[in-house]
There are 2 protein chains.
Amino acid sequence: MSKRIYIADDEVNIRELIHSFLEKAGYEVRSFQDGDALLAAFYHAPADLVVLDIMMSGTDGLQICNKLRNRCSVPIIIVSARDSELDRITGITMGSDDYLVKPFSPLELVARINGIFRRIDLDRGQVTQTTASYGNITLNAATHETICDGRHINLTPTEFLLLYYLFSNSERAVSREELLKNVWQFEAGADTRAADDVLKRLRKKLAESDVSIESVWGYGFKLKRKDFA
Amino acid sequence: MSKRIYIADDEVNIRELIHSFLEKAGYEVRSFQDGDALLAAFYHAPADLVVLDIMMSGTDGLQICNKLRNRCSVPIIIVSARDSELDRITGITMGSDDYLVKPFSPLELVARINGIFRRIDLDRGQVTQTTASYGNITLNAATHETICDGRHINLTPTEFLLLYYLFSNSERAVSREELLKNVWQFEAGADTRAADDVLKRLRKKLAESDVSIESVWGYGFKLKRKDFA
DNA sequence: CGAAACATAGGCAAATCTGTGGCAATGTTT
DNA sequence: AAACATTGCCACAGATTTGCCTATGTTTCG
């Protein structure tokens, strides 16, 4: 799920610059003219990270930072035109996670934001990879979602399991028996065309995608990318 | 317990400067002439944070950073005489938590190190933190209060537990069995649709909110924000 | 070439899953 | 004691899934 970032800066140019860069980086962004507006929105629905200018009309960035910090552990980045050692140290000591001096590179901001999220992930120790990809399709085992070029494909449980198994063994052909054993947990010997049926439906749903499921005559199936001539 | 910090820098003056400042700040410090020595010591006894110069004899700082990152989640700060946007972005993207340009203020380094440890503490606290948020809803485990847009929502104990569990696992789909096990503490296999019942009531109560509880066919449930197209 | 084996597509119906409203058992408050 | 809240269960309806069946291609092999 995409992370939500709130920005407060009273210079409209900077605000929109940051906004567009962060959106391009895949975040959901909302920007605000001043800290009080941000704070109100945050109370309404918390963000995953906050970018604050120090010099704003109304409550200044440091105070906003303080209020947020008292309330929760949301990561905060302060951006400011003021550049002195003392300013930077104050900003960080007051509770912000980083302090950038204007003019700063939007790309650096993005990198630092990514870094903060990475730090949080590392601390959480969540390194479990739950996705499998092939061609332009990605399966997410954690959410049971199937994405093709950003679009959502609706797969039934059996279809999902079968495709996931194929994705996990994309480099080789898979036999029907193997599918029945691993997807259906049947014991070998079951004489059923069930796998063919699911495959039939999968092919229909994946028609628009990059991925095709070739049949290996007399054996089973194997994944292949369509654009491979 | 005092935290242990390792420093690698081949300029002896800088090394000792940093060393003394960090010790004054209450950390246990060991410094090394180059990255390889630091790495060897780290394998022997890991540190809580590492400060790396980029330009060192032997393996350079970025590579050391990489090796450490592959191995564990220790926080890393890179210090370097090279100052360009690209250098900073590369450093952070490669896995460091911060990038400081020489000459830097030792006090700022200390402040940033404190900041990183604070971030880790905040994240750790999060696990046992009393509040969980999703969309515009915040659950407070301590008071069993549920707030949506500042308004109060009245949840029964079971509803609260279930929603709290969903909030804590908002990034993935949760199966019925898992819910029964964790919310009801039933052992698996209980054939009950109690979860569906609570979900039914929850959905009704959350109808006005940002949050919707989607069902994952044949599996369980997953949180989703409504304003997401 | 022709037959047999295998694979695919469409349709169908049984089985499964999910949401809803109602209801009763239990415990709690007034 | 009566009103209330909570919560699990049931039955029903609607939707979805899925295995099978049949008809129709496609490949292999004698």
Side-chain angles (χ1 to χ4, degrees), chain A residues 139 144-146 152-166 173-209 211-224 226, chain B residues 139 144-146 152-166 173-207 211-224 226:
Chain A
L139 302 182
H144 282 219
E145 278 174 333
T146 308
H152 210 93
I153 297 183
N154 209 0
L155 295 188
T156 70
T158 319
E159 286 164 5
F160 188 90
L161 272 179
L162 177 38
L163 192 59
Y164 198 90
Y165 191 82
L166 287 182
V174 172
S175 76
R176 285 188 175 70
E177 284 210 346
E178 189 180 344
L179 286 177
L180 290 174
K181 198 169 188 167
N182 289 289
V183 179
W184 278 264
Q185 326 233 299
F186 283 177
E187 268 321 295
D191 65 331
T192 169
R193 286 263 97 72
D196 298 71
D197 273 300
V198 178
L199 258 296
K200 164 177 70 180
R201 282 154 183 145
L202 266 177
R203 279 174 173 145
K204 196 173 276 181
K205 291 188 179 177
L206 304 187
E208 302 298 310
S209 84
V211 178
S212 85
I213 306 172
E214 310 270 307
S215 48
V216 179
W217 216 86
Y219 182 73
F221 306 93
K222 167 139 180 37
L223 287 178
K224 195 179 159 196
K226 280 177 193 161
Chain B
L139 302 181
H144 274 223
E145 274 177 335
T146 308
H152 204 93
I153 297 183
N154 207 0
L155 295 188
T156 70
T158 319
E159 286 164 4
F160 187 90
L161 271 180
L162 178 38
L163 193 60
Y164 197 89
Y165 191 82
L166 287 181
V174 172
S175 76
R176 284 188 174 70
E177 286 208 347
E178 189 180 342
L179 286 176
L180 290 174
K181 202 170 192 164
N182 290 289
V183 178
W184 279 264
Q185 328 234 295
F186 285 177
E187 266 322 295
D191 67 330
T192 171
R193 287 182 54 196
D196 297 72
D197 276 300
V198 178
L199 257 295
K200 163 176 69 179
R201 284 151 184 149
L202 266 177
R203 278 174 172 148
K204 200 170 277 181
K205 292 188 179 177
L206 303 187
V211 178
S212 84
I213 306 172
E214 310 268 305
S215 49
V216 179
W217 213 91
Y219 185 73
F221 305 93
K222 162 128 181 47
L223 287 179
K224 196 178 160 198
K226 280 177 192 162

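Order of the sequence lines sets the chain letters (A, B, ...), proteins ahead of strands, with each chain counted from 1.
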Round to a whole Å and report the spacing from [atom1] of [X] to [atom2] of [N].
| X | N | atom1 | atom2 | value |
| --- | --- | --- | --- | --- |
| B/Tyr219 | C/dT18 | OH | P | 12 Å |
| A/Ile213 | C/dA9 | CD1 | P | 11 Å |
| A/Glu214 | D/dT26 | CD | C1' | 14 Å |
| B/Leu155 | D/dA5 | CG | P | 15 Å |
| B/Asp196 | D/dA11 | CG | P | 16 Å |
| B/Leu199 | C/dC17 | CG | P | 16 Å |
| A/Leu162 | D/dG19 | CG | P | 10 Å |
| A/Leu202 | D/dT17 | CG | P | 12 Å |

Tell me, please, which residues at least two apart from B/Arg176 pass salt bridge (charged side-chain N to carboxylate O under 4.0 Å, His left out).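 For B/Arg176 the salt bridge (charged side-chain N to carboxylate O under 4.0 Å, His left out) partners, ignoring immediate neighbours, are B/Asp196.
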
Between protein and nucleic acid, restricted to nucleotides 21-25 of chain C and to nitrogen or oxygen atoms under 3.5 Å apart, what atom pairs and distances do you find?
{"unit_1": "C/dG21", "atom_1": "N7", "unit_2": "B/Lys200", "atom_2": "NZ", "d": "3.2"}
{"unit_1": "C/dG21", "atom_1": "O6", "unit_2": "B/Lys200", "atom_2": "NZ", "d": "2.9"}

Any side-chain N or O of A/Ser215 below 4.0 angstrom from OP1/OP2 of C/dA7?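 Checking C/dA7 against A/Ser215, no side-chain N or O comes under 4.0 Å of OP1 or OP2.
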
Quick one: is A/Arg176 getting a side-chain N or O under 4.0 Å of the C/dA7 phosphate, OP1 or OP2?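 For C/dA7, OP1 or OP2 has a side-chain N or O of A/Arg176 closer than 4.0 Å.
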
Could you work out, with side-chain contact (heavy atoms from CB on, under 4.5 Å) as the rule, every residue matching [X], not counting sequence neighbours?
| X | value |
| --- | --- |
| B/Thr146 | B/Ile137, B/Leu139, B/Ile153, B/Leu155, B/Phe160 |
| A/Glu208 | none |
| B/Leu223 | B/Tyr134, B/Leu166, B/Phe167, B/Ser170, B/Val211, B/Ile213 |

On DNA chain D, compare the nucleotides closest to B/Glu159 and A/Val198; which residue's is nearer the 5' end? B/Glu159

Qualifying residues under side chain to side chain donor-acceptor pair (under 3.5 Å), relative to A/Ser215, sequence neighbours excluded: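 A/Ser215 satisfies side chain to side chain donor-acceptor pair (under 3.5 Å) with no residue once adjacent residues are dropped.
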
With sequence neighbours excluded, what pairs up with B/Glu159 under the side chain to side chain donor-acceptor pair (under 3.5 Å) test?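 Scan of B/Glu159 (side chain to side chain donor-acceptor pair (under 3.5 Å), adjacent residues dropped) gives B/Thr156, B/Lys205.
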
Option from A/Val183, A/Leu179, A/Val216, A/Leu162 for which side-chain contact (heavy atoms from CB on, under 4.5 Å) with A/Val174 holds: A/Leu179

Excluding sequence neighbours, so at least two apart, what forms ring-ring contact (aromatic ring centres under 6.0 Å, His included) with B/Tyr219?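 Counting only residues at least two positions away or on another chain, B/Tyr219 forms a ring-ring contact (aromatic ring centres under 6.0 Å, His included) with A/His144.
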
Distance from A/Ser175 atom OG to A/Lys222 atom NZ, nearest 0.5 Å?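 Taking OG in A/Ser175 and NZ in A/Lys222, the distance rounds to 14.0 Å.
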
N/O to N/O distances under 3.5 Å, protein versus nucleotides 12-16 of chain D:
none

